[in-house]
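For reference, the structure is listed below as structure tokens.
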Amino acid sequence: MTAFVDTNVLIRHLTGDPPAQARMATRYLDQASQLLLPDLIFAEVAYVLESYYEVARLQIAEILRSLLAFRALRVVDDVLLQRAVELYEAYGLDFADAYLVASAERTGVGVVASFDRGIDRVGTVAREEPT
């Protein structure tokens, strides 16, 4: 069966919290043949781990890479998400900004409209500040 997977299923599996739901989530993921993982949900996993569970950035990057490698999970653009994880880890951007930079690179647009000066650290895209 194919299904879209929600953030809470992944978070329960990854954190073991709460234990009863974590066991159900893990069992479900182990038995799944194909789960669709939208980019929004992928980003939300990073956000929840960082903000609520206070997981370290390097560990979150490792977790995100493990999700991309999980046999049953399917994403639209694996290369884009891998690059977003790389930017998130290497440049200290929040995941949304890392995703924007990766998208600007991948599409060839090359420009991100943002007030966030952290994007300037990357150097592969231009940041255009609204005036």
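The chain is numbered in sequence order, starting from 1. For the numbers below, each heavy atom of this structure counts, side chains included, while hydrogens, waters and symmetry mates do not.
- Taking 4.5 Å as the limit, some side-chain heavy atom of Glu105 sits within range of a side-chain heavy atom of Val122.
- In this view, Val76 satisfies the side-chain contact (heavy atoms from CB on, under 4.5 Å) rule with no residue, not counting sequence neighbours.
- Listed by first and then second residue, the ring-ring contact (aromatic ring centres under 6.0 Å, His included) pairs that reach into residues 43-63 come to none, sequence neighbours excluded.
- Side-chain contact between Val55 and Leu14 is absent, with no heavy atoms from C-beta onward closer than 4.5 Å.
- Separating the CG atom in Leu80 from the CZ atom in Phe42 is a distance of 9.5 Å, to the nearest 0.5 Å.
- Distance check, rounded to the nearest 0.5 Å: CG of Leu29 to CG of Leu73 gives 7.0 Å.
- The line from CG of Leu68 to CD of Gln82 is 4.5 Å long, rounded to the nearest 0.5 Å.
- The distance from the CE atom of Met24 to the OG1 atom of Thr26 is 10.5 Å, given to the nearest 0.5 Å.
- Of the possible polar contacts, one joining the Arg121 side chain to the Tyr91 backbone as a donor-acceptor pair under 3.5 Å is found.
- Just one of Leu81, Val85, Leu87 meets the side chain to side chain contact (heavy atoms under 4.5 Å, CB included) condition when paired with Arg83; it is Leu87.
- Each side chain to side chain donor-acceptor pair (under 3.5 Å) pair with one or both residues in residues 93-102, not counting sequence neighbours, appears once here: Asp39-Tyr99.
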Show which side-chain atoms of residues 59-66 pair as donor or acceptor with protein atoms under 3.5 Å away, not counting sequence neighbours.
from	atom 1	to	atom 2	distance (Å)
Arg65	NH1	Glu89	OE1	3.1
Arg65	NH2	Glu89	OE1	2.7
Ser66	OG	Ile63	O	2.6

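- Between Val5 and Leu10 the shortest side-chain heavy-atom distance falls below 4.5 Å.
- No side-chain heavy atom of Met1 sits under 4.5 Å from any side-chain heavy atom of Ser33.
- Atom OH in Tyr88 sits 10.5 Å away from atom CG in Leu93 (nearest 0.5 Å).
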Trace of the side chain to side chain contact (heavy atoms under 4.5 Å, CB included) decision for Leu40 with Glu44: CA-CA 6 Å; Leu40 176 65; Glu44 191 174 35; 5.6 Å; no
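- In this structure, Glu129 and Arg117 have side chains that are in contact, with non-hydrogen atoms separated by less than 4.5 Å.
- In this structure, Ile41 and Asp6 have side chains that are in contact, with non-hydrogen atoms separated by less than 4.5 Å.
- Considering every non-hydrogen atom in both Ala98 and Ala84, the closest pair reads CB-O, 3.3 Å.
- At distances below 3.5 Å, at least one donor-acceptor pair connects side-chain atoms of Arg127 with backbone N or O atoms of Ser114.
- Between the Arg23 side chain and the Gly16 main chain, no donor and acceptor come within less than 3.5 Å of each other.
- In this view, Ala113 satisfies the side-chain contact (heavy atoms from CB on, under 4.5 Å) rule with no residue, not counting sequence neighbours.
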Side chain to side chain contact (heavy atoms under 4.5 Å, CB included) between Thr2 and Leu35, worked out: CA-CA 6 Å; Thr2 300; Leu35 296 172; over 6 Å; no
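- Distance check, rounded to the nearest 0.5 Å: CG of Leu100 to CG of Asp116 gives 9.5 Å.
- Among pairs with a residue in residues 68-82, those fulfilling salt bridge (Lys or Arg N to Asp or Glu O under 4.0 Å) read Asp77-Arg106, at least two apart in sequence or across chains.
- Leu36 and Gln34 make their closest contact through CD2-NE2, 4.1 Å (heavy atoms, listed as atom of the first residue, atom of the second, distance).
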